[in-house]
Amino acid sequence: MEKKLLLGDEAIALGAINAGLSGVYAYPGTPSTEITEFIQGNALAQERGVHSRWCTNEKTAMEAALGMSYAGKRALVCMKHVGMNVCADAFVNSAVTGVNGGLIVLAADDPSMHSSQNEQDSRFYGKFAMIPVFEPSTQQEAYDMMSDAFELSERLKLPVLMRVVTRLAHSRAAVQISAPQEEKPFSPDNDRTHWVLLPVNARRQYLGLVDKQPEIEQASEKSKYNKLECFGQGEKKLGVIACGIAYNYVREARPTDVEVLKLSQYPMPVAQIQQLAKDCDRIIVVEDGQPVVEELVRTVVGADYAVEGRLNGKLPRTGELTPDSVAKAFGQAPFATLPAAENVVGRPPALCQGCGHRDVYTALNQVAAEYPGARIFGDIGCYTLGALPPFRSIDSCVDMGASITMAKGAADAGLFPAIAVIGDSTFTHSGMTGLLDAVNDKSNITVIISDNLTTAMTGGQDSAGTNKFEAICLGLGVEPEHVRVVVPLPKNMDEITKTIRDEINYNGVSVIIPRRECLRTLARKSRAKK
Amino acid sequence: MKKDIILSGVGGQGILSIATVIGEAATESGVNLKQAEVHGMSQRGGDVQSNLRLSTEEIFSDLIPQGAADIIISMEPMEALRYLPYINKESWVITSSNTFINIPNYPEESKLFSELSSLPHVIQLPIEDLAKEHKIHKSANMILLGMAAPYIEILTPDQLRSAIATIFARKGEKVVEDNLKAFDLGLENGKK
């Protein structure tokens with residue numbers, strides 16, 4: 001068998017392709033982006049015509065993947081953890097309809113928030129939707145699980161959630177590659193009663209989902225990804241539950257006299273946990289993200305049994321696990337280190353020199369200074385860096401699209417001037433519907449769609465609305481004279497500030513589109529031409 | 001045998017290319033490897049690092065425990081100092097001495113270099129200047145890899161050289177030549 005050095009994300013992608021994938025549907029989001037990019041660049045996927053074009057947001061992606069599954073094919077949806085919130089409606093209901101072709105929903109969580117606003121744990125979504133969850137501990141498992149997860153999905157007729165964390169997604173290791181399987185034949189589902197979720201059908205489907213739970217639990221009990229292992233010769237053993245990547249930190253610490261439940265498939269294998277509790281008199285739960293298993297284990301072993309982990313302070317309550325925090329939980333002394341250096345300061349990320357967003361913030365700061373009540377509502381993307389020095393421009397950044405709707409709500413409350421700054425890709429992801437609300441309410445807001453013709457933050461993927469922004473705004477009902485386009489360059493500063501000033505002074509919805517291509521995308525294109 | 005390496009620098013300086021070359025050499029020679037990278041927001045001119053673990057035994061954690069790293073390889077001197085808690089008094093620091101100043105409060109350079117020079121095992125060269133001088137300005141990172149090569153031990157300089165040839169092959173002969181020249185320059189000038 002061939003061996004390849006792959007990122008966790010790439011192992012997932014190749015695992016899916018070789019499992020007979022017919023389509024991946026995704027919106028870029030760190031740390032999940034490289035999965036779709038790998039499929040886009042893979043020769044076999046190209047030859048087979050595997051769908052891999054970027055979607056407008058995670059909800060459209062989830063629904064399209066469900067459609068492909070409906071037609072009998074294997075489909076994959078990929079997103080970062082907060083994308084699960086965007087597609088939650090479709091996701092939860094896909095467990096009620098069930099699936100036809102295998103369907104894997106891949107959520108890449110970001111404990112420690114390397115590139116995110118929160119560290120929500122997607123395993124909760126698996127429990128919420130009552131479906132199986134896979135959580136690989138290594139790149140090899142990530143690869144192997146894709147085929148197994150598709151099979152389980154087809155056997156149970158349910159979507160399967162696969163949860164990874166940044167540290168696996170963005171870490172490289174050698175992976176044994178298996179031979180590619182054929183794609184599934186085109187065979188649309190003919191049973192409408194599964195798919196039409198009128199209450200009469202939905203009640204029956206939901207009951208069916210509840211009835212499947214013992215089978216799903218059995219799959220976990222028998223899973224080759226879950227196993228009990230003993231290390232050391234001592235009689236009294238410490239029980240350890242090591243979830244997903246946490247297993248590696250446990251093994252790295254080489255604790256002696258422990259019994260370890262390696263846990264990589266959920267729902268929790270209750271019988272194995274009961275066995276572990278019987279063999280030991282104390283259990284430490286080691287899991288990356290939120291204390292999902294730690295809370296559930298307490299319900300299995302009872303209130304009197306000692307369960308330790310993130311909730312009792314044995315491990316840090318927040319942030320990703322490290323080999324150091326796990327070794328400490330086993331009572332091990334840290335290695336001797338050199339002391340921290342004195343001459344080191346933080347080096348936060350910054351907008352690139354020459355980036356058009358810089359000119360947008362320079363202009364906004366200049367105009368906003370003329371209005372004591374001015375507030376600038378920001379959004380998710382490179383331009384969120386406008387919060388940091390030297391600009392310190394934005395007053396909020398919450399979730400995809402919130403700039404426009406928060407500006408609207410604040411304007412409803414009397415705030416003036418309420419300015420929203422949103423990128424082109426974020427606008428089509430989740431900004432358009434909010435703009436329609438503002439138009440229908442004749443809200444007094446000024447929206448800046450800072451258009452760099454790409455999804456820049458995640459590495460320059462195609463942006464769904466490129467060349468369509470004026471038409472979208474006009475179509476949503478923004479008045480033509482208040483849809484303004486400028487070119488964000490220092491030499492145009494007078495024109496840009498005048499445009500912003502004019503539109504702030506207009507009592508209604510204005511959209512200003514500063515448009516200039518991302519320098520990185522531009523450089524990449526000119527390199528490719530050479 | 002194992003070598004745990006922290007690669008560090010500023011987003012965009014090319015530390016991931018160093019990791020790719022070492023990764024190729026490790027795969028070719030059957031050495032186990034895990035390499036945790038940084039993608040996303042911090043690549044925009046912020047501090048970046050990669051944990052690179054090489055071993056003849058099975059590697060578990062993708063991250064290096066504090067104090068366990070054998071080498072820091074850094075494209076920037078302050079970024080080398082940032083990771084001192086990951087090394088111990090036996091470890092080597094191999095760094096560029098060309099500063100990259102994109103923040104207003106960068107430390108006073110005389111103090112920074114005096115702290116750097118006081119470390120038990122340190123090798124520093126102005127790799128950006130050397131690259132310019134030898135007209136291989138895009139290959140500064142391979143000068144740094146050349147400097148580090150004698151200390152990686154688990155892989156030989158020759159194995160790293162052939163990995164450079166493989167990795168840069170698709171970019172053409174000239175690019176391969178420049179990068180090999182850079183590597184050899186680092187190897188010669190880096191020796192203590």
Side-chain angles (χ1 to χ4, degrees), chain A residues 3-5 7-9 30-31 33-34 110 114-116 138-139 166-174 245 247-254 320-324 326-327 334-353 355 382 384-385 389-390 457-459, chain B residues 10-12 19-20 23-24 26-27 32-47 51-52 58-69 76 78-89 91 100 102-109 111-116 119-120:
Chain A
K3 246 187 177 181
K4 276 189 177 165
L5 197 57
L7 283 179
D9 275 350
T30 311
T33 312
E34 293 82 357
D110 191 19
H114 298 283
S115 290
S116 306
T138 62
Q139 293 76 358
T166 302
R167 208 46 76 180
L168 182 71
H170 287 169
S171 179
R172 240 173 252 282
I245 198 169
Y247 178 74
N248 303 340
Y249 301 132
V250 170
R251 292 297 307 273
E252 180 81 22
R254 294 177 172 80
E320 71 176 334
L321 296 171
T322 64
D324 308 296
V326 174
F335 296 110
T337 81
L338 291 190
E342 284 166 20
N343 293 286
V344 173
V345 294
R347 194 190 300 259
L351 289 168
C352 304
Q353 291 303 323
C355 167
C382 284
T384 313
L385 296 171
M457 177 91 273
T458 45
Chain B
V10 181
T20 309
E24 168 68 22
T27 312
N32 292 318
L33 169 139
K34 275 198 175 182
Q35 184 219 331
E37 300 176 0
V38 172
H39 298 209
M41 192 173 244
S42 41
Q43 284 179 301
R44 298 280 174 274
D47 59 279
N51 281 214
L52 184 56
E58 185 176 4
I59 303 165
F60 293 108
S61 167
D62 297 78
L63 295 174
I64 301 168
Q66 294 203 349
E76 209 276 346
M78 183 183 79
E79 295 307 326
L81 290 181
R82 190 184 302 282
Y83 302 97
L84 295 190
Y86 282 87
I87 62 173
N88 56 61
K89 57 184 187 351
S91 315
F100 187 103
N102 63 345
I103 44 171
N105 56 336
Y106 195 89
E108 213 175 292
E109 292 193 32
K111 285 186 185 167
L112 184 146
F113 284 109
S114 116
E115 185 169 17
L116 192 61
L119 297 176

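Numbers restart at 1 for each chain; the letters A, B, ... are given by sequence-line order, proteins then strands.
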4.5 Å side-chain heavy-atom contact, Leu63(B) and Arg167(A)
yes
Under 3.5 Å, is there a donor-acceptor pair linking the side chains of Glu115(B) and Asn343(A)?
yes
Could you have a look at Leu84(B), Ile64(B), Thr27(B) and say which one has the most heavy-atom pairs with chain A under 4.5 angstrom?
Leu84(B)
Take Leu5(A) and Gln35(B) through the test side chain to side chain contact (heavy atoms under 4.5 Å, CB included) and record every step on the way to the result.
CA-CA 10 Å; Leu5(A) 197 57; Gln35(B) 184 219 331; 5.8 Å; no
Could I get the full list of salt bridge (Lys or Arg N to Asp or Glu O under 4.0 Å) partners for Arg172(A), not counting sequence neighbours?
Glu10(A), Glu37(B)
So for Leu7(A), is it side chain, backbone, both, or neither that comes closer than 4.5 Å to the heavy atoms of chain B?
side chain
Presence of salt bridge, Arg347(A) and Glu79(B), under 4.0 angstrom
yes
With only heavy atoms counted, which part of Leu351(A) is less than 4.5 Å from chain B, the side chain, the backbone, both or neither?
neither
Side chains of Ile103(B) and Pro348(A): does their closest heavy-atom pair fall under 4.5 Å?
yes
Tell me, side chain or backbone of Ala340(A) under 4.5 Å from chain B's heavy atoms, or both, or neither?
both
Show the numbers, then the answer: is there a side chain to side chain contact (heavy atoms under 4.5 Å, CB included) between Val345(A) and Met78(B)?
CA-CA 8 Å; Val345(A) 294; Met78(B) 183 183 79; 3.9 Å; yes
For the pair Asp62(B) (side chain) and Ser171(A) (backbone), establish whether a donor and an acceptor sit closer than 3.5 Å, ignoring hydrogens and angles.
no
Side chain proximity check, Lys89(B) to Leu338(A), heavy atoms < 4.5 angstrom
yes
Within a strict 4.5 Å, meaning less than it, do heavy atoms of the Glu342(A) and Lys111(B) side chains meet?
no
For chain A, the option from Ile59(B), Ile87(B), Leu33(B), Leu52(B) that forms the most heavy-atom pairs under 4.5 Å
Ile87(B)
Which atoms of Phe113(B) come close to chain A, meaning under 4.5 Å heavy atom to heavy atom: side chain ones, backbone ones, both, or neither?
neither
Heavy-atom closest pair, residues Pro65(B) and Phe335(A)
CB-CE1, 3.8 Å
